[in-house]
Amino acid sequence: MAQVNSATDKFYITTPIYYVNDRPHIGHSYTTIAADCLARYHRLQGQQVLFSTGTDEHGQKVARSAAQQGVAPQEFADEVVEAFKLMWKRLHIEYDRFIRTTEPDHVVAAQSVFQRLVDSGDVYLGQYQGWYCVPCETYLRESDLEAAVCPQCGRPVEQVAEPAYFFRTSKYADRLQQYIEEHPEFIMPTSRRNEVLAFIEAGMHDACVSRSRTEWDIPVPVDYSQSIYVWLDALVNYLTVAGYPDDQQTFQTWWPPRVQLIGKDILTRFHATLWPAVLMALQVPLPGTIFAHGWWITEEGDKISKSKGNVLDPYNIARQLVDISNATTAVAVDSIRYFLLREVTFGLDGSFSWAALLTRFNADLANDLGNLLNRTLPLVERYLDSKVPQPGPGAGELADQIDKARTTVQQAMAAVSFRAALEAIWQLIAAANKFIDERAPWNLYKHAKLVELEAVLYDVLDCIRVIAIMIQPFMPAIADEIWRQLGLETTGTQQTWATCQALQLPPGIYIQPGAPIFPRVDIERSLKRLQGQVEAGEETQPSAQPPPVTITMDQFGKMELKVGTVVEAHRVRGADKLLRLLVDIGEDQPRQIVAGLAEQINPRELLSQQVIVVANLEPATIHGVQSQGMILAVGDKEPIALVTIDRECPPGSTVR
RNA sequence: GGCGGCGUAGCUCAGUUGGUUAGAGCGCGCGGUUCAUACCCGCGUGGUCGGGGGUUCGAAUCCCUCCGCCGCUACCA
């Protein structure tokens, strides 16, 4: 496995800057949690860390969105920035710099970069002809298009023909290719690296790096009729944070980033090609590793995905977890952080399910980690008057296990393999639990083997201390709580990686037992409850088993069911399962309804079909398309058959 | 269409350069223990490593082919 770590005392790590047109969601959160975890890990190591995240605020899309809301773009951006900052605070993310592309130092940096590229001949004035997708802020070639829509988002593109500046990406293609080939750790994971190499191999076009002047964007320094292309503008943020171009001392200190985390969508075109090529042109060192991770999607057929678009917002999930488990919010948030980094190999896509989350919560957090603490402290309370004993002879028996875990975690973290790191920590937890069973301190007490008893309990407490440190990057609040319960907070002892060794727990301090950190969850009952919540507003479930709840006639009466005739049916672009239907239910306009039927039913079969529509269902936007109702279909998770009627009825007829 | 990847126990996945009886966690079964949130510890259950063919003394691991899934890329004059 490629290692991204090397022995220096500086660690600069970045997330992408997030486009302010979006509210924070799991995509942003996942990247930022992972970055926070790496940042915390390197801080533990005693390294100086610069962890940056921020917002990308320029671009036509922002200007237009602001205009639509009747506010100035800056005001619009300010508001979204607050939403991001709040989210990061809630998710226990501690960044060092929140950079906004509208900040003065960034504007200076972006213009300076542009100027230098012009001076070096890497940027030249040309003529741009082609299309532009405003929502994606992406230039498209004729060949990229399907009809007149963007291949990525399916929305209409705009034709542009104007003078524009181009960056000579082509000039750096060979060097870049060679660099990637010679540095396996530069683009990770390997599968992505292959894709990038294939992309470069296919031939690189010079990239358009300016647009005709807009008020909102950063002007091109040499030509005020032009603005800097928002993607170039955005990429420069990584330089800005490191003090480019004027603060040479800061720049020398931090540059280049050791790790840049991004989502897989912005790897090929931007971070793996344009970005390093620009750095080459600027004669600035390249980042150590650009790591592209995958996406979180909802489990296939999972009803949760339908209920609300924001359900995959980690903080939202945490709040629901609080309801289910009675854990504190801080614990729930850390549990989500744990789940996200433990469940799926970093780099691959993952599917979120409550069953998986709750299983991890019970098995890993409550049973293994939480219970280790909660079985140990009472022993110390009872047998040793809550006082951490002297290690004494025979102590240090878990030293080998601790060393092994420490080494493995180090290797894993150096390879950005969160999952492997957590597995190693959990092996240590298991070792500690086993150690207690084998040494049975309650028997030692019974037989008055006090020296041995003290040694055993010391070892376990000491091991818990090490575990608290090791989990700190992943679950900072929980690490602190364990620290507190061990009585270490009162001593001012710091969590440092160097002390992840046996026999470092100061004797003589008093433990401070608290309530169990992870209240165990009744998974089956919780899943049913979650399912119920979702289905309440969704669908009468034709369940094989008798439904556990009854509804009143009155409740049933609130549901407006109508006969509808399908007048149009198309697939939703970019969605495998979704059909966009226009259904006449006797109103002035046919209803637009999105249905997850595309895998089972050909849209053509649906034309003129009569269906049953839930007419007063709260509208929802699914995959960017508004759905103003629901079609009844048979099937628990996947639709099997459509509910229809045995003779023709006028659209809009009431169903009772 | 081209390139790349994946398909391993009921579920989620590890399996280094081919080498003794294919591993982990969860689940399930049995036993132990009682300090603990019915928890922990031990043992066990369970796989024709997608199908077929080939190379080899020997292949989950290399080659070919077929099937299924995914990603990137290109859309055919």
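No hydrogens, no waters, no symmetry mates; every other heavy atom, side chains included, goes into these values. So that the names make sense, note that chain A is the first sequence line, chain B the second, and so on, each numbered from 1.
Annotation: A:Glu489, atom CD; neighbour count of heavy atoms from other residues, nucleotides and ligands within 6.0 Å does not exceed 12. Annotation: A:Lys171, atom NZ; neighbour count of heavy atoms from other residues, nucleotides and ligands within 6.0 Å is above 12. Counting heavy atoms of neighbouring residues, nucleotides and ligands inside a 6.0 Å radius, atom CZ of A:Arg319 does not exceed 12 of them.
Atom-to-atom, CH2 of A:Trp426 to P of B:C40 comes out at 13 Å; the value is rounded to the nearest Å. Separating the CD1 atom of A:Ile464 from the C1' atom of B:C35 is a distance of 12 Å, rounded to the nearest angstrom. Put simply, CE on A:Met204 is 14 Å from C1' on B:U73, counting in whole angstrom units. With rounding to whole Å, A:Asn362 atom CG is found 10 Å from B:C40 atom P. For the pair A:Arg193 CZ and B:G5 P, the interatomic distance rounds to 12 Å; values are reported in whole Å. Atom C1' of nucleotide B:G15 and atom CD of A:Glu423 are separated by 12 Å, given to the nearest angstrom. In this structure, A:Phe199 atom CZ and B:A74 atom C1' are separated by 12 Å, rounded to whole Å. As a whole-Å value, the separation of A:Met188 CE from B:G71 P is 22 Å.
Distance from the side chain of A:Thr345 is smallest for B:C13 among the nucleotides B:C13, B:G42, B:C40. Of the candidate nucleotides B:C40, B:A36, B:C26, B:A36 has the atom nearest to the side chain of A:Pro378. Of the candidate nucleotides B:C40, B:A14, B:U73, B:U73 has the atom lying nearest to any side-chain atom of A:Arg269. With distances taken from any side-chain atom of A:Arg375 to the nucleotides B:G71, B:U34, B:A36, the minimum falls on B:A36. When distances are taken from the side chain of A:Phe518 to each of B:U37, B:C3, B:C26, the shortest belongs to B:U37. Taking the side chain of A:Arg520 as heavy atoms from C-beta on, and the options B:U37, B:A14, B:U73, the nearest nucleotide is B:U37. Minimum atom distance to the side chain of A:Trp442 is reached by B:U34, of the listed B:A36, B:C40, B:U34. When distances run from any side-chain atom of A:Glu195 to the nucleotides B:C40, B:A14, B:G71, the shortest one goes to B:G71.
Here A:Pro441 lies out of heavy-atom contact (under 4.0 Å) with every strand. Looking at heavy-atom distances under 4.0 Å, A:Asp368 makes contact with sugar-phosphate atoms alone, never a base. Looking at heavy-atom distances under 4.0 Å, A:Thr359 makes contact with sugar-phosphate atoms alone, never a base. Using a 4.0 Å heavy-atom criterion, one finds that A:Asn374 contacts the bases of the nucleic acid, with or without backbone contacts as well.
Residues meeting the side chain to side chain donor-acceptor pair (under 3.5 Å) test with A:Gln178, sequence neighbours left out: A:Glu182.
Each of A:Ile429 and A:Pro519 has a nearest nucleotide on RNA chain B; the 5'-most of these lies closest to A:Pro519.
Helical stems in RNA chain B, defined as runs of 3 or more consecutive Watson-Crick or G-U wobble pairs with donor-acceptor distances under 3.5 Å: B:1-7 with B:67-73, B:10-13 with B:23-26, B:28-32 with B:40-44, B:50-54 with B:62-66.
Residue pairs meeting the side chain to side chain donor-acceptor pair (under 3.5 Å) criterion with at least one partner in residues 440-449 of chain A, sequence neighbours excluded, do not occur; the list is empty. Legend: ring pair (Phe, Tyr, Trp, His ring centres under 6.0 Å) pairs involving residues 385-418 of chain A, not counting sequence neighbours, sorted by first then second residue: A:Phe346-A:Phe418.
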List every contact pair, protein side and nucleotides 7-12 of chain B side both N or O, where the distance is under 3.5 Å.
none

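Side chains of A:Trp275 and A:Gln260: a donor on one and an acceptor on the other come within 3.5 Å.
Within the 3.5 Å criterion, the main-chain N or O of A:Tyr338 finds no donor-acceptor partner in the side chain of A:Arg360.
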Only pairs under 3.5 Å count here: list side-chain donor-acceptor contacts from residues 462-469 of chain A, not counting sequence neighbours, and write none if there are none.
| residue | atom | partner | partner atom | Å |
| --- | --- | --- | --- | --- |
| A:Asp462 | OD1 | A:Arg465 | NE | 2.9 |
| A:Asp462 | OD1 | A:Arg465 | NH2 | 2.9 |
| A:Asp462 | OD1 | A:Gln504 | N | 3.4 |
| A:Asp462 | OD1 | A:Leu505 | N | 3.2 |
| A:Asp462 | OD2 | A:Leu503 | N | 2.4 |
| A:Arg465 | NH1 | A:Thr499 | O | 2.7 |
| A:Arg465 | NH2 | A:Thr499 | O | 3.3 |
| A:Arg465 | NH2 | A:Gln501 | O | 2.6 |

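Using a cut-off of 4.0 Å between Lys/Arg side-chain N and Asp/Glu carboxylate O, A:Glu343 and A:Arg419 are scored as not salt-bridged.
Atoms CG and OH, from A:Leu384 and A:Tyr458 in turn, are 13.0 Å apart once rounded to the nearest 0.5 Å.
Rounded to the nearest Å, the gap between the C1' atom of B:G1 and that of B:C11 is 36 Å.
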